[in-house]
Amino acid sequence: MLELRFIRENIELVKEKTARRGQDTAKLDDFIETDQRRLSILTEVEGLKNRRNKVSKEVSLLKQGSGQDAARAESLIVEMRDTNQRIKELDAELNLIEQGLQTLVMSIPNLCDDSVPVGQNDSDNVEVWVWGERPVFSFTPKPHWEIGEQLGILDFDRATKLAGTRFALLKGFASRLERALINFMLDLHTQRHGYTEVLPPFLANTASLTATGQLPKFADDLFKISDWDLYLIPTAEVPVTNIHREETLDERDLPLCYVAYTPCFRSEAGSYGRDTRGLIRQHQFDKVELVKFSTPETSMEELEKLLTDAEEVLQLLGLPYRVVTLCSGDLGFSSTKTYDIEVWLPGQDTYREISSCSNFLDFQARRGSIRYRPEGQKKSRLVHTLNGSGLAVGRTLLAILENYQQEDGSVALPEILKPYFENRF
RNA sequence: GGAGGAGUGCCGGAGCGGUUGAACGGGACGGUCUCGAAAACCGUUGUGGGGGAAACUCCACCCAGGGUUCGAAUCCCUGCUCCUCCGCCA
């Protein structure tokens, strides 16, 4: 969410940046008018309330007197009945306008950073760098679903029986590998990158999802629990960022860095027919997520570090990847700048997203009222929030299947994971 | 699920319906004192919104949302959260 006053004073900039994302700016056109209307009513109603407060005090004093005073009090009380009627009307109108304004403001995306390339969609994303050597095979590499089904470790048919399409049943080595990857990632980020591990609830309420930006606009992407104010989390970003909602942090504690493993649940509405095979796009997947709270001055630096921390997972696993900067049209709603890490998948002869690292500036912090008190100052400021996958576990697993596949149909294990199999693999 | 109790500022804890944004205590911060520190003393200590160049000023907020009233932290409804007891349960 952007600050109301900021929008008022920078309406052209907001329009231009929203347009850069390829979003319709028509709704912004009547912002100024609505906002002015709001301010004029506000001024009037506050004046009346001021009068009411003063009269109340006067009545209070008059009531202690008698005779003439009592008569004077009576006439003031009568006057206030009318004033109150007017206040009620104005308040009601103000409420209506503010609701509309609120809905509008909540649906304005964050301003994209000036370093973000302008573009329409993912084909305009800009490659930043490429890491690793693509494996060379003496045979035609297979996609992971073929490898997994042949080894009997990925069972999509039975998963469909259990829950429907876009679910997977992992068995034996695959489930063991999934668990090993989670532990490996958590160990790396806690022991070498200094993150604090948390295990949050896997369901979140409306307030939490609103703070991080999934609601109100993207309700269709979520699984809602019927009869409860609860949704399955689409990412650990939601519960972890909300840890400090409505709190004022101490500058000494910043940046706060958390890492969390959670399953993630997404309805994938509107993606019918895309990535229907394999583990790429599931309703449920595991992810290890990195979340940071930083000062405004350091957030861009922290984004670079976050990216490096995520990249190291792939480097240690020996999986080739590239980093791209998302263009304005592909940028998420709440983000000002996002790097995607895309892992190489030889079975599909393509790069696929495996991590997304974003800086949200104070966009989420304002929605969730997450502040910090600068050292030695009394006024608090909004923090900056960031997050990134470190990494999407299911996609890491399938990347290992494809990159480490052998001619005999088996799959080798990355060296770094051997301790997680008691070196008995 | 049933029966009770409670929700006030950073914390503890007051608060007859009327100068209460909120006593008192503690903490924190600034200052005086000191070679330093402690103690003591003085002061400061919320958020959002409006106006103003600024000083400053106005409005709202005592869990949330409604209501009664000229006036509500104080009264009435509804919801939420927490605590205690019973039941059930990993």
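Residue numbers begin at 1 in each chain, while the letters A, B, ... track the order of the sequences.
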Inset, instruction - Classify every nucleotide of nucleotides 65-82 of chain B by which part a protein heavy atom approaches to under 4.0 Å, writing B for the base, S for the sugar-phosphate alone and - for neither, in 5'-to-3' order. - result: ---S-BS-----------

What's the gap between [N] and [M] when it is taken at their [atom1] atoms, as a whole Å value?
N     : M     : atom1 : answer
B:G65 : B:G9  : P     : 15 Å
B:A6  : B:C75 : P     : 11 Å
B:A73 : B:A14 : C1'   : 12 Å
B:C83 : B:A28 : C1'   : 29 Å
B:G25 : B:U19 : C1'   : 25 Å
B:G17 : B:C70 : C1'   : 12 Å
B:G43 : B:C62 : C1'   : 25 Å
B:U47 : B:G36 : C1'   : 39 Å

Once you apply a heavy-atom cut-off of 4.0 Å, does [X] come out as touching a base, just sugar-phosphate, or nothing?
X      : answer
A:L39  : sugar-phosphate
A:R51  : nothing
A:R381 : nothing

[X] [atom1] to [N] [atom2]: how many Å, rounded?
X      : N     : atom1 : atom2 : value
A:D250 : B:A28 : CG    : P     : 13 Å
A:I87  : B:C58 : CD1   : C1'   : 14 Å
A:I97  : B:G49 : CD1   : P     : 18 Å
A:N205 : B:A64 : CG    : P     : 17 Å
A:E46  : B:G49 : CD    : C1'   : 7 Å
A:D91  : B:G49 : CG    : C1'   : 13 Å
A:I7   : B:G49 : CD1   : P     : 12 Å
A:R366 : B:G49 : CZ    : C1'   : 14 Å

Inset, instruction - Check whether more than 12 heavy atoms from other residues, nucleotides or ligands sit under 6.0 Å from atom CD of A:E297, and answer yes or no. - result: yes

Legend entry - Crowding at CD, A:E16 (>12 non-hydrogen neighbours, <6.0 Å): yes

Legend entry - Donor-acceptor side-chain pairing of A:Q364 and A:T385 below 3.5 angstrom: yes

Legend entry - A:D340 and A:S356: side chain donor to acceptor below 3.5 Å: yes

Inset, instruction - Keeping to residues at least two apart or across chains, list the ring pair (Phe, Tyr, Trp, His ring centres under 6.0 Å) pairs with something in residues 259-280 of chain A. - result: none

Legend entry - Qualifying ring pair (Phe, Tyr, Trp, His ring centres under 6.0 Å) pairs, either residue in residues 206-227 of chain A, two or more places apart: A:F218-A:F333, A:F223-A:H283

So, is [X] close to the [N] phosphate, meaning a side-chain N or O under 4.0 Å from OP1 or OP2?
X      : N     : result
A:R5   : B:G50 : yes
A:N50  : B:C59 : yes
A:N53  : B:U19 : no
A:S380 : B:U47 : yes

Any strand is fair game: report the nucleotide pairing with [N] by Watson-Crick or G-U wobble, both distances under 3.5 Å, or none.
N     : result
B:A38 : none
B:U44 : B:A28
B:G4  : B:C83
B:A64 : B:U78
B:U69 : none

Legend entry - Pi-cation contact, A:F285 with A:R395 (under 6.0 Å, within 45°): no

Inset, instruction - Can you figure out which of B:C59, B:G50, B:U47 approaches the side chain of A:K49 most closely? - result: B:C59

Inset, instruction - Please answer whether the main-chain N or O of A:P234 pairs with a side-chain N or O of A:Q214 as donor and acceptor at a distance below 3.5 Å. - result: no

Inset, instruction - May I ask you to say whether A:E302 pairs ionically with A:K305, meaning some side-chain N is under 4.0 Å from a carboxylate O? - result: yes

Inset, instruction - Measure up the A:H189 and A:H193 rings against each other and bin them: parallel (under 30°), tilted (30 to 60°), perpendicular (over 60°). - result: tilted

Inset, instruction - Specify the residue among A:K57 and A:R38 whose closest nucleotide of RNA chain B lies further upstream toward the 5′ end. - result: A:K57

Inset, instruction - Find which nucleotide of RNA chain B each of A:R8 and A:V45 is nearest to by heavy atoms, and output the residue with the more 5' nucleotide. - result: A:R8

